[in-house]
Amino acid sequence: MNNRLTEKFFCRDVLDVAPDLLGNIIARKFDDGSIKKYIICEVEAYRGEDDLACHASKGHTARTDVMYNKGGCIYVYLIYGIHWMLNIVTAEKNIPQAVLIRSIERYNGPGKLSKELQINKSFNAENVEESNRIWIEKNPNLTDKKIKLAKRIGIDYSGDIWKNKLWRFILDN
DNA sequence: CGCAAGATTGGC
DNA sequence: CCAATCTTGCGT
């Protein structure tokens with residue numbers, strides 16, 4: 001049976017996709033053929049060119065190009081020259097939005113989960129609907145989920161309006 | 001071409 | 001508190 005989440009799920013506004021991702025499952029098939037699955041516990045929404053915390057606020061550049069794809073594409077970038085950040089693009093084509101995966105079960109922090117999942121630049125622009133090494137599955141056992149809202153982390157440079165948005169979503173079960 | 005800053009983390 | 005480490009966007 002195939003529980004993989006598809007275009008229909010990801011081609012919605014990031015403020016709808018982000019909370020809906022919580023409690024669902026990220027699956028990774030490693031080079032040795034083994035597959036591991038993890039529950040998504042915390043995410044953040046980055047929403048369009050107006051959002052000064054979103055990389056797309058710089059406009060359509062080489063780096064942000066992938067965010068202008070339709071939902072389901074992966075956006076990966078290196079921060080501080082050290083950590084890979086794993087995002088999933090949302091919304092329709094030409095609307096630059098993405099969800100940052102901030103934590104999965106047992107791995108708290110976007111840098112740590114990327115290390116566990118062995119994410120690097122080669123995953124940029126890969127599509128989770130089609131990839132054979134990374135995808136998102138619907139969690140069939142997900143019932144009552146409690147979601148906590150919070151401010152996004154590490155974006156103080158973005159100004160009062162944007163840094164105070166409660167666009168971090170945390171699974172609180 | 002140079003430079004400053006960054007959606008983080010771990011160590012002092 | 002602060003360094004690590006390198007890509008990116010922007011100014012010269």
Side-chain angles (χ1 to χ4, degrees), chain A residues 5 9-26 28 36 38-92 94-128 131 134 136 147-172:
Chain A
L5 293 179
F9 180 90
F10 294 105
C11 292
R12 296 180 292 144
D13 192 283
V14 69
L15 296 179
D16 295 320
V17 175
D20 285 356
L21 265 179
L22 294 177
N24 285 304
I25 295 163
I26 186 163
R28 171 83 165 93
K36 285 189 187 173
Y38 311 78
I39 292 181
I40 297 170
C41 299
E42 183 180 352
V43 299
E44 278 178 2
Y46 289 87
R47 189 167 184 268
E49 294 177 349
D50 294 338
D51 177 3
L52 295 183
C54 180
H55 291 164
S57 63
K58 303 280 187 193
H60 196 151
T61 66
R63 177 199 222 188
T64 63
D65 181 62
V66 64
M67 276 203 274
Y68 288 77
N69 284 313
K70 69 178 180 185
C73 267
I74 287 178
Y75 170 40
V76 172
Y77 65 91
L78 187 66
I79 190 67
Y80 299 112
I82 302 174
H83 307 289
W84 296 102
M85 300 288 104
L86 175 63
N87 301 250
I88 302 177
V89 172
T90 70
E92 299 296 335
N94 290 324
I95 301 177
Q97 303 181 346
V99 178
L100 169 67
I101 312 293
R102 276 201 82 84
S103 73
I104 57 179
E105 51 180 338
R106 305 193 304 281
Y107 298 92
N108 300 317
K112 292 189 208 166
L113 75 86
S114 286
K115 188 176 177 193
E116 166 66 15
L117 294 176
Q118 297 176 30
I119 300 300
N120 57 51
K121 189 72 183 174
S122 76
F123 283 78
N124 196 46
E126 193 145 324
N127 194 305
V128 295
S131 174
I134 187 165
I136 310 292
I147 297 176
K148 204 168 80 179
L149 304 183
K151 294 178 185 178
R152 294 176 291 178
I153 291 177
I155 54 156
D156 281 353
Y157 61 84
S158 67
D160 288 340
I161 293 180
W162 302 103
K163 77 181 186 191
N164 290 324
K165 295 280 188 192
L166 299 176
W167 287 356
R168 180 155 59 107
F169 303 86
I170 307 158
L171 195 59
D172 201 25

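Just so it is clear, the model here is predicted, and its values are computed rather than measured. Just so it is clear: chains get the letters A, B, ... in the order the sequence lines come, proteins before strands, and each one is counted from 1.
One interatomic measurement links the two molecules: CG of A/N87 to P of B/dT8, which rounds to 11 Å at whole-angstrom precision. Put simply, CG on A/N108 is 16 Å from C1' on B/dA7, counting in whole angstrom units.
No donor-acceptor pair closer than 3.5 Å links the side chain of A/T64 to the backbone N or O of A/M67. With hydrogens and angles ignored, the 3.5 Å screen pairs a side-chain donor or acceptor of A/R152 with a backbone N or O of A/W162. In this structure a side-chain-to-backbone donor-acceptor pair under 3.5 Å is missing from A/S57 to A/A53.
DNA chain B forms stems at B:1-6 with C:6-11, B:8-11 with C:1-4, each a run of 3 or more consecutive Watson-Crick or G-U wobble pairs whose two key distances fall under 3.5 Å.
Residue A/Y107 is tested with A/K112, A/K115, A/E116 for a side chain to side chain donor-acceptor pair (under 3.5 Å); the sole match is A/E116.
Across C/dC6, B/dA7, B/dT9, the shortest atom-to-atom separation from the side chain of A/H83 is found for B/dT9. Here the side chain of A/K112 is nearest to one of C/dC6, B/dA7, B/dG10, namely B/dG10. Comparing atom distances between the A/I79 side chain and each of C/dC6, B/dT9, B/dA7 picks out B/dA7 as nearest.
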* To do: Test salt bridge (Lys or Arg N to Asp or Glu O under 4.0 Å) on A/D51 and A/K165 and set out the steps.
  => CA-CA 10 Å; A/D51 177 3; A/K165 295 280 188 192; over 6 Å; no
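If A/L78 and A/L113 are placed on DNA chain B by their nearest nucleotide, the residue sitting closer to the 5' end is A/L78.
Here A/R102 reaches the OP1 or OP2 of B/dT8: one of its side-chain N or O atoms lies under 4.0 Å away. Neither OP1 nor OP2 of B/dA7 sits under 4.0 Å from any side-chain N or O of A/Y75.
Remark: the A/Y77 side chain and the B/dA7 base include a donor-acceptor N/O pair separated by less than 3.5 Å.
Rounding to the nearest 0.5 Å places CD of A/Q97 at 7.0 Å from CG of A/L15.
Here A/Y46 counts as stacked on B/dA7: its ring centre is under 5.5 angstrom from the base ring centre and the planes meet at under 30°.
Put simply, the side chain of A/I26 reaches to within 4.5 Å of the side chain of A/L86, judged on heavy atoms. Using a 4.5 Å heavy-atom threshold, the side chains of A/C73 and A/N127 count as touching.
At a threshold of 4.0 angstrom between heavy atoms, the contacts of A/I82 include nucleobase atoms, whether or not backbone atoms are also involved.
Remark: A/R102 engages A/E44 in a salt bridge, criterion side-chain N to carboxylate O under 4.0 Å.
Near DNA chain C, defined here as any heavy-atom distance below 4.0 Å, the residues from residues 49-68 of chain A are A/K58, A/T61, A/R63, listed numerically.
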